[in-house]
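Quick caveat, the model's predicted, so the values are computed rather than measured. In the text below, chain A, chain B and the rest are named by the order of the sequence lines, each starting its count at 1.
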Amino acid sequence: MRAIADPPALRCAGLTVRFGERTALNDVSLTVRPGEFVALAGPNGSGKTTLLRAVLGFLVPDSGWTELFGRPTTDLSVLARAREVAWVPQSESPRDSVRLYDYVLYGRFPYHRALDAETAEDHAIARRTLHEVGLADRAEDGILSLSGGERQRAVLARALAQTTPLLLLDEPTSHLDIAHQLDLFTRVRALSRERTVAVVAAIHDLNLAARFAERIVVLSRGRIVADGPPASVLSVDLLARVWGVAADLRQDPRSGIPYLIPHHLLTDPTPVPGAREGGPVHVVGGGGTASPFLRRFTEAGYLVSTGILPLLDTDAETAEALSLPTAIEAPFAPLGDAARERNRTLLNEARAVVVAPFPVGPSNLANLEDLKPFVSRVPVFLAVPPTIAGRDFTGGKAASVYAELLAGGAEEVVGVEGALRALGRREGGVSATDTTAPAIATSSPER
Amino acid sequence: MVTSSAPPRPAPRVSRSVVIGLSIGAIAVLVFVLSPLLGSVSVPPRDVFQILLHQLSGGALFAQPCAGTPVSPRLCGAYEVIVWQLYLPEILLALIVGAALGISGGALQGVFRNPLADPFLLGISSGGTIGAAIIYVYQFEVARADLFLPLFAFLGSVTTGLVILGIARGRFSSVETLLLAGVALANLLSAILSLVLLYNPVGSEQVTFWLLGGLGLASWTIDGIAFGAIVVLATLLSLHGRELNLIQLGNDIAQSAGVDARRVRLRLILLASMATAIAVAFTGIIGFVGLVSPHIVRRLVGSDYRIVLPGAAVVGAIFLLGARDVSYLVFPGSLLPIGIFTAFAGVPFFLYLLYRQRQSSTMGLP
């Protein structure tokens, strides 16, 4: 058992690795305590794997040094190092179907001499590790007959059989499904705690890293840019700076662990040219009918506003998640003056109005009526199906307002894509979905 | 064809290995019994065994080797020389060289993680032939040509091995580049050899011996030298089974588990080159033994290199001796180069192995 005062499991300082012109690691210093579970995160090519490989001695750093449990790695032979640190690669594909049990025994190599047979201890450790990774019943099977998830656990078992106090994992679950990801990391964390094994795992998925690691170290372009417990490392700002991804930060209510919901690349150009210029597109809906329009128009790059929606309505939640300006009314109440005033303000700023096929009742009929003054000023699109006849719960009042809007210049469109295309056409812009149709029309006579 | 959907389980190990062991043993016994009866001269079987027992017992048994057979004492004396001075050294040399080629092939296939690696493919054998050819080109007059020629062949092979080693030491050399470099080297060497033979038609007949391979140089002296060297080299090679097992998983993984992959690679290439050099020195180029033997062992007992290496030596020895016997059976009394027969036997068998392997991989059988 190692005490706190023991030397760190891993310490590296000023580690720099260059591949020709490219600097893969730039002055990286890192200390990992015995028994600590550290996740290495960072985009592809940020140096995670390079750092692990340098620690393992697969490559010689251009400058800097590494210590394992207080001993410089340059003083350690390959064999001695294998007794201090074990490695689980991203995937390992043996060509021959070695018996799983023999494969796990390979992990005992650092403790053998050339002619020695395996000792009783070796066999005990092999059996124990197979049990720990949940493959005890597959011991006699060939390794190639295992499934992907089982094989990765077999690789873990082989590394664990080295009984090292430090374990390095290089994206060990990148080929695995969600259940196997959770399974593998749960086992690794349990073993790390039971035996005080320090774990350094390169993990792509920040949320997965936050879930299992005590500490997350974020690499970007070969440098450490963040280092600390998940709660302090995970941030919207970090994802924007390092990955260039816009995200929301939430907290898992059961575990208190923060998680990020990534939604788009910050560098994304707006899919519809000119969508950002001009006012928002105002979407009228309710009961979830507006949500697909809100999402799709936001995704296409338009500014979007919406209203009037009852609080706690599905559409209201969508609008909140997308941070859209929204006119809100209390649930189950008729639309009040304050909300209607707010809605009119939004309508005044709008470049166009899209009316989702929402069910119209007495309480929300005002949503349609308030559009009348705008029909002549901005394009108004009435989305179907279903047609107004199927969702009119006002005894025909809604249908007559609808007819009035159509007569005043509103246009009926089919679905979300129909609305998007109609808007692009009306504004003279060429939307992404529109370009294909004329291209085919002009090219077909030539064939 | 009915295939079960359950995951394949390796057959029970004990019964399978017993069957395999017995069948290999049976083939070995058959080959051993048959071998002294076959040769360039036909000697009556009974006389052969009496002569062998006479010699092996130091004259205690069958004081008159040909007693009880209708063979005159003078003819018996000739038979004695043929069996004891000609056949037996030839048989032993076949065993020794077969073992050397088998274990070299096994080690190289392990080091290169490629089932096609063998001493011939990498040019190690061709290097030996060039070494021998140099003697003729410069027309060295040497007192003991029977030892001097093999020495040059040995040097040629080892030099080729060292060149491959030099490439292997390069910092960025991967297993694939190394293998391709070996193949390129082999081609270069055979081009050089063709050139040498073109400008030196007189020596070409002797050089052809190395090119085609044969047991004609066999003698007790040569057997002794070869045996001593091969026992040492084969023992050293066999000690690396565990390392080779791990290297099969990739050099990085091997290294993370404590195998100094680079050093082991260099050491094994050197040892395998030397073992091949011994073989080439005394018998010239004998193809396919090094390629096929490890495959047979792997198919029979699995891929554990602790077994594959000594196993390939045993199978190689039996294979080459069998090829000698077959050559005498097919063409009695002839002195056909044995390399031709190993190719005739080896190539179809190798293709069959590949076919089986393909079939098993598509059917998911172990």
Side-chain angles (χ1 to χ4, degrees), chain A residues 19 49 52-53 55-60 76-89 91-103 105-118 138 140-147 150 155 158-159 161-162 164 167-168 170, chain B residues 4-13 109-110 112-115 171-172 235-264 267 294-295 297-299 301-309 357 360-361 363-366:
Chain A
F19 296 125
T49 301
L52 295 182
R53 294 177 68 84
V55 171
L56 286 157
F58 296 168
L59 49 85
V60 183
L76 296 172
S77 67
V78 172
L79 210 58
R81 196 192 300 239
R83 296 191 199 112
E84 301 287 358
V85 53
W87 182 46
V88 177
S91 66
E92 185 172 319
S93 38
R95 294 171 192 208
D96 306 306
S97 202
V98 185
R99 203 164 58 120
L100 175 59
Y101 185 77
D102 293 333
Y103 174 78
L105 271 180
Y106 286 179
R108 299 301 298 161
F109 180 83
Y111 304 94
H112 290 307
R113 308 207 53 144
L115 282 173
D116 288 352
E118 280 79 12
R138 306 295 305 269
E140 293 298 316
D141 291 340
I143 186 137
L144 292 180
S145 71
L146 302 181
S147 72
E150 287 171 334
V155 176
R158 179 189 55 66
Q162 279 175 246
T164 55
L167 191 61
L168 304 186
D170 188 3
Chain B
S4 86
S5 59
R9 285 177 167 271
R13 304 183 101 208
Q109 287 176 14
F112 289 104
R113 275 187 286 144
N114 192 312
R171 191 175 162 187
F172 296 105
T235 308
L236 290 175
L237 280 168
S238 296
L239 289 180
H240 290 82
R242 271 207 186 95
E243 279 89 338
L244 279 177
N245 281 342
L246 271 159
I247 284 176
Q248 300 319 299
L249 305 175
N251 283 346
D252 286 347
I253 291 157
Q255 190 159 340
S256 80
V259 176
D260 195 337
R262 182 182 299 271
R263 193 176 289 176
V264 169
R267 203 185 295 153
H295 279 272
V297 178
R298 268 197 298 266
R299 286 237 32 117
V301 295
S303 49
D304 185 343
Y305 273 87
R306 285 175 294 178
I307 300 166
V308 169
L309 290 180
Q357 220 156 344
S360 71
S361 69
M363 287 169 61
L365 294 168

(message) Quick check on R108(A) against chain B: is it the side chain, the backbone, both or neither that has a heavy atom closer than 4.5 Å?
(response) neither
(request) Please name the pair of heavy atoms, one in H240(B) and one in V264(B), separated by the smallest distance, quoted to 0.1 Å. (result) CD2-CG1, 4.3 Å
(request) Using non-hydrogen atoms and a 4.5 Å limit, figure out which bit of R83(A) sits close to chain B: side chain, backbone, both or neither. (result) neither
(request) Start with the C-alpha gap between Y305(B) and R298(B), add the side-chain angles, then the distance that decides, and say whether side-chain contact (heavy atoms from CB on, under 4.5 Å) holds. (result) CA-CA 9 Å; Y305(B) 273 87; R298(B) 268 197 298 266; 3.0 Å; yes
(message) Looking only at heavy atoms and a cut-off of under 4.5 Å, which of R263(B), Q255(B), R306(B) has the most pairs with chain A?
(response) Q255(B)
(request) Identify whether the distance between the nearest side-chain nitrogen and carboxylate oxygen of E243(B) and R267(B) falls below 4.0 Å. (result) no
(request) Side chain from CB out, backbone as N, CA, C, O: work out which of these in P110(A) comes under 4.5 Å of a heavy atom of chain B, or both, or neither. (result) both
(message) I'd like to know if R53(A) and D170(A) make a salt bridge, using a cut-off of under 4.0 Å between side-chain N and carboxylate O.
(response) no
(request) Calculate, to the nearest 0.5 Å, the distance between atoms CZ and OG1 belonging to R81(A) and T164(A) respectively. (result) 13.0 Å
(request) With a 4.5 angstrom heavy-atom cut-off, could you sort out which part of V155(A) is near chain B: side chain, backbone, both or neither? (result) neither
